[in-house]
Amino acid sequence: MIDPRRQAVLVRSGATGAWADKTRDVVSYRADPSYVYLTFMVQNREKEYRYRAEKAAILWDPRAIPLNAGIRVAVNGALWNSLTEVWRFDGPDGPWWRIFYTTAGQVAYRSYPDHEIDFRQNAAGSPQASSILDYWRSIVSGLVQDSPNRPSFERLGFVDSQSVLGRYLNGGHIESSDKVGTMIFPFSANLSQREAVGTCLSHPVSVIDGPPGTGKTQTILNLIANIIATPGATVGVVSFTNSAVDNVREKLAEEGIDYVVAGLGRKEKRAEFFAGQAARNAEVAGLFDGGAVPMPPDEQIADADQRLQLLQETERRLAQLRQESDAYQLERRHFGRYLHNHAPAELAGLPLLQQSSGRILDYLAETALWRADDGPIRRLLRKVRGYFRYGSARSLDPYDTDSVLRLQRAYYDNKISELRHEIRQAEQTLEQADTASLAKEHRQLSSQALRAGLQQRYAPLSAEIYGPTTYKQQFAQFTRDYPVILSTCHSLGWSLPEGFLLDYLIIDEASQVDLLAAGLALKHARNVIVVGDLRQLQHIADKAASDRAIPSPAPAYDYQQHNILSSLIALYGDALPRTMLREHYRCDPTIIGFCNKKFYNGQLVPFTSSGPGARPLRIVRTAAGNHMREHQGGGRSNQREIDVVVQDVIQQYFADTDKDKIGIATPYRLQAGKFTEQLTGIQASTVHKFQGREKEVVIMSTVLNENVNGRNGLDFVDDPHLVNVAVSRAQKQFVLVTNSGMLPKSRNLRDLIDYIQYHDPGQEVFESTIVSVFDLLYKDYSPRLRPLAGRLRKRTGFASEDIVWTVLNEILTEGPYGDFTVADQVVLRNLLPDLTRLTAEQAAYVRHRATTLDFVVYNRISNRPVFAIEVDGFAFHENDPRQQVRDAHKDAICATHQIPLLRLPTTGSEEERLIRQWLDTCV
């Protein structure tokens, strides 16, 4: 017999031309220059066969490959255990590998060509990776006995260096690849979705931030399409629960390509998948009905894509213009109510009123710096220069706030007119280009490319029926049939052969996936795409197990502090390839506008619109009293809020709305249960269970009282993630049902209430002694004023205000103060509802143009002023008796109208500490 450690006998198949190892079957051999003669044992008799020299090969002198604890061998992607030796033979078409292993106490061997063999390094051997895994195992040891993490971590020893987990544990560099070819979008895509797909396919680790209603699932579907269009490529889609991956399966089914999916998650899904293979195979056979689908040229797809992107940029700009126009119209509405109480004289026939909104602000900024006591020559020069820039202003007194108010009103009118003109131009561009037809063409080309790619994938494959206990033995072939694996994070490892690496792993709803579950999934892929939203509800860590664990070796890997999304952001920072989906398609623009301002820094672009007469946001208060109840078994409820919803809200506002379009969200499970008992056909659930869902109408019951027990629950109910999820579930209308006092001690719910009141002045509004800051006006005004003031300060030497401005803006970028912004040189009269509370002397002072506040810090969600800052220079304030009189007037006016005023003398110190102290009080 031939010694397998010294020789290998290969025979080339006539049908496929592939080499096969026949060493085990050959008794002896001989060869001459033209033929190889192999002797086999056939029916207990030796029989010799002759092969041409090019059809058989005898390999000699193998090399032993040393194995150590850090090296494992993978065959067709699956790691082998119980290996004893590995030998390499140099064959006619490249190396062959002979693997010796033990089975049933006996040594056996198998041989494989080089392309089926891979040597893997153990990434868990480094000190950093080892310490992280030890930390995670210490947490797992404290989990309940039936935790799905326990058995998985017990077998987590070897971590493939090619896996994402290996890279993640060692903080490996994220390199970029330029190998991404022409991308396809059979599920259609907007600008940010297209950017996300390109970024994810060109990096081994990437993140997609998916705020509510921005098409996360659609982006995932296009990622899947690009991956599986390449024959042989594989992708796994996992999440913490089955609902997210079920949504992916349903969308693929709607497109008619769910035959690519293997559902290997929970037991019922697996059984359903394996039972449905025959029907699925018939579906694959139908893929070839009608003949071969031609692959469209890359140039044709790229050309359509480029033309479509240009139009989509116009579409996004149009959506932004509409959003901007609505915001200016709302602010003009508030300004009109304010102006009615001040009744300044009209400015008839003034040429400046016919100029652009920007030119009006230029005039206001320039004249704000004029001094009434300037000499006659300077006044003459200003008048001449102003005439050529702004036209005749003879009837205009630039030092009188009545003139300022009228010009501010004209600014709003002109700005809105300009926006409407831009909107019409964008609409005409899109109509003339027939954007819908181009989008349809691009999608059809993408679908054609996908189907052509799938035909190439399935053409060489024969119909197979895989068994639930044997499919892993044919897993390389299995994934050619089923390139998309759906599972939960916990189940993925049990669904794949040990060591098999998927090409891509997509983790959906990643903010709810803890590091233990994520680590188990990351072990099984070469590339990962993490999709989630840190502004929505987060994972719930097992605090008891975490408290008993050893300390985390590095902050980014802390189980209690991080989910997989936040962990990657903490680990890689700005080096992390990260794309935010910006186009929003779910909610009324006013509803998502709150989430956008409060949680997403204004980055979302709503593509929705409000219907005529719509009131998308409402506040409903219960009668005064303590209606909340705490139950002995745990939980809280509020029967009065239930009665208000059932008897008033639904009957008054939604009597004609289909019940299945209404959802009731509440922070407390017990309250949700009581709603379910009293309402038939209307879904009531906790806010946590509403994540990932949507309803036309969402009614939120806050449950809490204003007493001590109610305030004790405020941290839970006022959680920003919970508030964001609750509001963003509503497509057309959101109703907040709360107590009589409207939660004044809350922060996020209070901002929501203020936002609702600001956006619907018809709502009940408490009389205020102060006007909301005209946010848009001052945002446009400040960039014009500051350069002019800066030049003036260089001449006069007053730089103190610039220093405070810089410090303020730096502080307001920090997380705790993110709800605040600042306007400078705010006309004091703009903050006063009227002048009736003032003395005659104070009113005259306020009417003067120079009466401004250096800075006003205000809440950017509600536009409510928080406090004002005055920077007091020694020469201009303490050393000037006239200015001291003016300061006294300003102090008294602010006190009368309850405007907190912080004075910062330039002779003092610790300005930053004082500003932070005042901000902390506001927070």
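All values below come from the heavy atoms of this structure, side chains included, with hydrogens, waters and symmetry mates left out.
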Could you give the distance from [atom1] ([X]) to [atom2] ([Y]), rounded to the nearest 0.5 Å?
X: Glu870; Y: Cys894; atom1: CD; atom2: SG; answer: 7.5 Å
X: Thr435; Y: Leu308; atom1: OG1; atom2: CG; answer: 8.0 Å
X: Thr821; Y: Asp775; atom1: OG1; atom2: CG; answer: 7.0 Å
X: Leu419; Y: Tyr328; atom1: CG; atom2: OH; answer: 7.0 Å
X: Glu801; Y: Thr806; atom1: CD; atom2: OG1; answer: 11.5 Å
X: Ile592; Y: Phe599; atom1: CD1; atom2: CZ; answer: 10.0 Å

I'd like to know whether Val846 forms a side chain to side chain contact (heavy atoms under 4.5 Å, CB included) with Thr401, so could you lay out the CA-CA distance, the side-chain angles of the two residues, the decisive distance to 0.1 Å, and finally the verdict. CA-CA 8 Å; Val846 166; Thr401 52; 5.6 Å; no
Note to self: Looking at Arg860, I'd like to know if its CZ atom is crowded, meaning that more than 12 non-hydrogen atoms belonging to other residues, nucleotides or ligands lie closer than 6.0 Å.
What the structure shows: yes
query = Should we say atom NZ of Lys732 is surrounded by more than 12 heavy atoms from elsewhere, each under 6.0 Å from it?
reply =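 No, because the 6.0 Å sphere around NZ of Lys732 holds 12 heavy atoms or fewer from other groups.
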Pair [X], [Y]: side-chain N/O donor-acceptor within cut-off below 3.5 Å:
X: Thr738; Y: Thr702; result: yes
X: His342; Y: Arg829; result: yes
X: Arg729; Y: Gln691; result: no
X: Ser192; Y: Asn190; result: yes
X: Asn724; Y: Tyr600; result: yes
X: Gln731; Y: Glu696; result: no
X: Tyr653; Y: Asp648; result: no
X: Arg420; Y: Gln329; result: yes
X: Asp533; Y: Ser511; result: no
X: Tyr412; Y: Glu331; result: yes

### Message
Centroid separation under 6.0 Å, is that true for the rings of Tyr338 and Phe335?
### Response
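Here the rings of Tyr338 and Phe335 have centres that are less than 6.0 Å from each other.
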Answer with yes or no after comparing the ring centroid distance for Phe734 and Phe594 against a 6.0 Å cut-off, counting only values under it.
->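 No.
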Nearest heavy-atom pair of [X] and [Y]: which atoms, and what distance?
X: Leu537; Y: Val687; value: CD1-O, 3.9 Å
X: Arg194; Y: Ala189; value: NH1-O, 3.8 Å
X: Pro667; Y: Ser701; value: CD-O, 3.2 Å
X: Leu828; Y: Leu853; value: CD1-CD1, 3.8 Å

I would like to know whether Asn830 and Gln408 meet side-chain hydrogen bond (donor to acceptor under 3.5 Å, both in side chains); could you show each step before the answer? CA-CA 10 Å; Asn830 277 159; Gln408 288 176 336; 3.0 Å; yes
Original post:
In terms of the angle between their ring planes, are Tyr778 and Tyr781 parallel, tilted or perpendicular, with boundaries placed at 30° and 60°?
Top reply: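 Ring orientation of Tyr778 relative to Tyr781: perpendicular.
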- request: Would you check if the side chain of Asn748 reaches a backbone N or O of Asp718 as a donor-acceptor pair within less than 3.5 Å?
  value: yes
Check: residues 343-353 side-chain donor-acceptor pairs under 3.5 Å, at least two apart:
| from | atom 1 | to | atom 2 | distance (Å) |
| --- | --- | --- | --- | --- |
| Glu346 | OE2 | Arg406 | NH2 | 3.1 |

Output all residues satisfying side chain to side chain donor-acceptor pair (under 3.5 Å) with Asp715, sequence neighbours left out; order by chain, then residue number.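 By the side chain to side chain donor-acceptor pair (under 3.5 Å) rule, Asp715 matches no residue at all.
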Please tabulate, one pair per line, all N/O donor-acceptor pairs under 3.5 Å involving side-chain atoms of residues 602-612, not counting sequence neighbours.
| from | atom 1 | to | atom 2 | distance (Å) |
| --- | --- | --- | --- | --- |
| Thr608 | OG1 | Cys587 | O | 2.5 |
| Ser610 | OG | Asp588 | OD1 | 3.1 |
| Ser610 | OG | Asp588 | OD2 | 2.6 |

query = Which is it for Glu418 and Ser356 under the side-chain hydrogen bond (donor to acceptor under 3.5 Å, both in side chains) test, yes or no, and what are the steps along the way?
reply = CA-CA 8 Å; Glu418 291 158 8; Ser356 70; 4.6 Å; no
Is the cationic atom of Arg864 (NZ for Lys, CZ for Arg) positioned less than 6.0 Å from the six-membered ring centroid of Tyr858 and within 45 degrees of its normal?
no
- Taking the side chain as C-beta and beyond, is there a heavy-atom pair between Leu832 and Ile893 under 4.5 Å?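 Yes, their side chains come closer than 4.5 Å.
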